[in-house]
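Notes for the one structure printed next.
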Amino acid sequence: DVHRMMCFPLAAIAGLSPLMGLLGTVSGIRECFRDVALAGEMGNPAMLAGGIERGSDAHIDRLLEMARLAAAQLADPARAWGQLREALLAAPQRPDVFERLATLAAEQDREEELDAVVCALVDEGEVEGVAALEDLDQRKDLLQRWAALATAAGRRDAAIQAWTLLHAADGQAVEPFDALEALYREAGDGDAVAYVLEERLTLDADVDEQEATWLRLADVHLSERQEPAEVVATMQRAASALPHSAAVRAMLLHALRDHGTPVDLAVALEAAVAALADADTDDALAERRLLRRELAQLNEEVLNDPDQ
């Protein structure tokens, strides 16, 4: 009796093992026939070969088709979401997969869930079952698609997050700066716009681009942040970086006349006159004469009023 009692657990396990195997077989057959029912045909091997070559085009196409059928024929959006999510994790480099999942996310009000998955894929968050991409180019491509989608959908916070992450991944790309500047201006965040423009000045841009950035930065300090002292400081830095820029010179003098000290204005006028020393056009010569006249008048005023 004792031996029989000790052997009972082993006998139970031996009896249950075939049943567990049979249960797995039945479950697999049930899933297979469900796929067949969705496919509407027995002769489509791609629909039944779901466990081979994960990430291959055939596998991803199968998932996309299953998602379409789940949504269209079974009215099962949750199943469609799961299929498309699996496709994105298996093939994040395919734009059509992301577009399908993004469309479904908008329809099901699951944009934040999609945001979380993308962040996990680019190693900026954690989502169960989602591993970060190792390929930097794949990360940048995915961020580009996410940023463009969020911007087009008017989801400002998500768009700012996406463009910021893209800038972190590719510091020399111009598009994130353009997008972030526009988004922060739309939000009325002058401090953020100024920060973006300051960062943009670190790019290896041509003179015209740098000039435009400096001028926009000065305008932000004046019109949005209402910091005239920052306008003067910004244009002084701009004049140092671009000493031959007529637009920067004019903006600096304008800022100093309105918000600067006579001494700083005099220094800027002397630099402007020196920059035009080799001028040979009528307009440049006329400007140089006007600046020298203004400088002389300013010096006279300072001499007559030393407290200035």
Side-chain angles (χ1 to χ4, degrees), residues 147 151 156-157 159-168 170-276 284 287-288 290-299 301-302 305-308:
T151 302
R156 185 189 301 150
D157 291 343
I160 288 174
Q161 182 183 15
W163 287 116
T164 301
L165 290 175
L166 183 58
H167 166 59
D170 187 358
Q172 288 299 309
V174 174
E175 190 175 4
F177 289 106
D178 290 336
L180 287 170
E181 181 182 347
L183 288 165
Y184 283 128
R185 284 186 184 276
E186 181 183 306
D189 191 341
D191 291 343
V193 174
Y195 174 79
V196 170
L197 290 172
E198 288 280 4
E199 286 290 303
R200 184 170 189 150
L201 288 170
T202 64
L203 293 179
D204 296 328
D206 59 29
V207 173
D208 291 340
E209 176 63 28
Q210 290 184 47
E211 180 183 271
T213 303
W214 279 113
L215 295 177
R216 291 205 305 280
L217 179 58
D219 179 69
V220 168
H221 285 312
L222 184 62
S223 61
E224 297 188 34
R225 301 188 69 236
Q226 298 183 353
E227 293 283 353
E230 287 291 339
V231 178
V232 173
T234 296
M235 295 318 301
Q236 286 175 328
R237 289 162 50 212
S240 176
L242 303 173
H244 301 294
S245 169
V248 168
R249 182 169 61 246
M251 179 65 117
L252 173 60
L253 293 175
H254 178 72
L256 287 170
R257 291 180 186 118
D258 290 344
H259 311 291
T261 65
V263 173
D264 287 338
L265 178 56
V267 171
L269 286 170
E270 290 176 352
V273 170
L276 294 170
E287 181 184 359
R288 186 166 182 263
L290 290 174
L291 292 175
R292 292 182 65 179
R293 187 181 308 162
E294 182 180 357
L295 178 60
Q297 182 178 353
L298 180 62
N299 288 333
E301 291 175 357
V302 171
D305 187 2
D307 293 334
Q308 291 193 65

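All values reported here derive from a predicted model rather than from experimental measurement.
Residues meeting the ring-ring contact (aromatic ring centres under 6.0 Å, His included) test with Phe177, sequence neighbours left out: His167. A search for side-chain hydrogen bond (donor to acceptor under 3.5 Å, both in side chains) contacts involving Arg249 returns nothing, not counting sequence neighbours. Checked against side-chain hydrogen bond (donor to acceptor under 3.5 Å, both in side chains), Ser245 has the following partners two or more places apart in sequence or in another chain: Glu211. Not counting sequence neighbours, Gln210 has no partner by the side-chain hydrogen bond (donor to acceptor under 3.5 Å, both in side chains) test. Scanning for side-chain hydrogen bond (donor to acceptor under 3.5 Å, both in side chains) contacts around Glu175 gives Gln144, with sequence neighbours left out. By the salt bridge (Lys or Arg N to Asp or Glu O under 4.0 Å) test, Asp219 is found to be paired with no residue, residues two or more places apart in sequence or in another chain being considered. Among residues two or more places apart in sequence or in another chain, the side-chain contact (heavy atoms from CB on, under 4.5 Å) test is passed with Gln236 by Val232, Leu252, Leu256, Asp264. Arg293 meets the salt bridge (Lys or Arg N to Asp or Glu O under 4.0 Å) test with no other residue; sequence neighbours excluded. Partners of Arg185 under the side-chain contact (heavy atoms from CB on, under 4.5 Å) rule, at least two apart in sequence or in another chain, are Glu181, Val193, Leu197, Arg216, Val220, Glu224. Under the side-chain contact (heavy atoms from CB on, under 4.5 Å) criterion, Leu183 pairs with Arg156, Ala159, Ile160, Trp163, not counting sequence neighbours. Listed by chain and residue number, Asp178, Arg200, Leu203 satisfy the side-chain contact (heavy atoms from CB on, under 4.5 Å) test with Val174 (two or more places apart in sequence, or in another chain). A search for salt bridge (Lys or Arg N to Asp or Glu O under 4.0 Å) contacts involving Glu198 returns Arg237, not counting sequence neighbours.
With hydrogens and angles ignored, the 3.5 Å screen pairs no side-chain donor or acceptor of Asp170 with any backbone N or O of Leu166.
Separating the CD atom in Glu230 from the CG atom in Leu222 is a distance of 11.5 Å, to the nearest 0.5 Å. Rounding to the nearest 0.5 angstrom, the gap separating the CG atom in Leu253 from the CG atom in Leu269 is 5.5 Å. The CG atom of Leu180 sits 10.0 Å away from atom OH of Tyr195, with the distance rounded to the nearest 0.5 Å. Put simply, CG on Leu298 and CG on Leu291 are 12.0 Å apart, with the number rounded to the nearest 0.5 Å. For the atom pair CD (Glu294) and CG (Leu290), the distance works out to 8.5 Å, reported to the nearest 0.5 Å.
Counting non-hydrogen atoms of other residues, nucleotides and ligands closer than 6.0 Å to CZ of Arg292 gives a total of 12 or fewer.
Ala266 approaches Asn299 most closely through the heavy-atom pair CB-OD1, 4.4 Å. In terms of heavy atoms, Ala275 sits closest to Pro243 at CB-O, 4.1 Å. Counting all heavy atoms, side chain and backbone alike, Glu209 lies closest to Ala205 at CG-CB, 3.5 Å.
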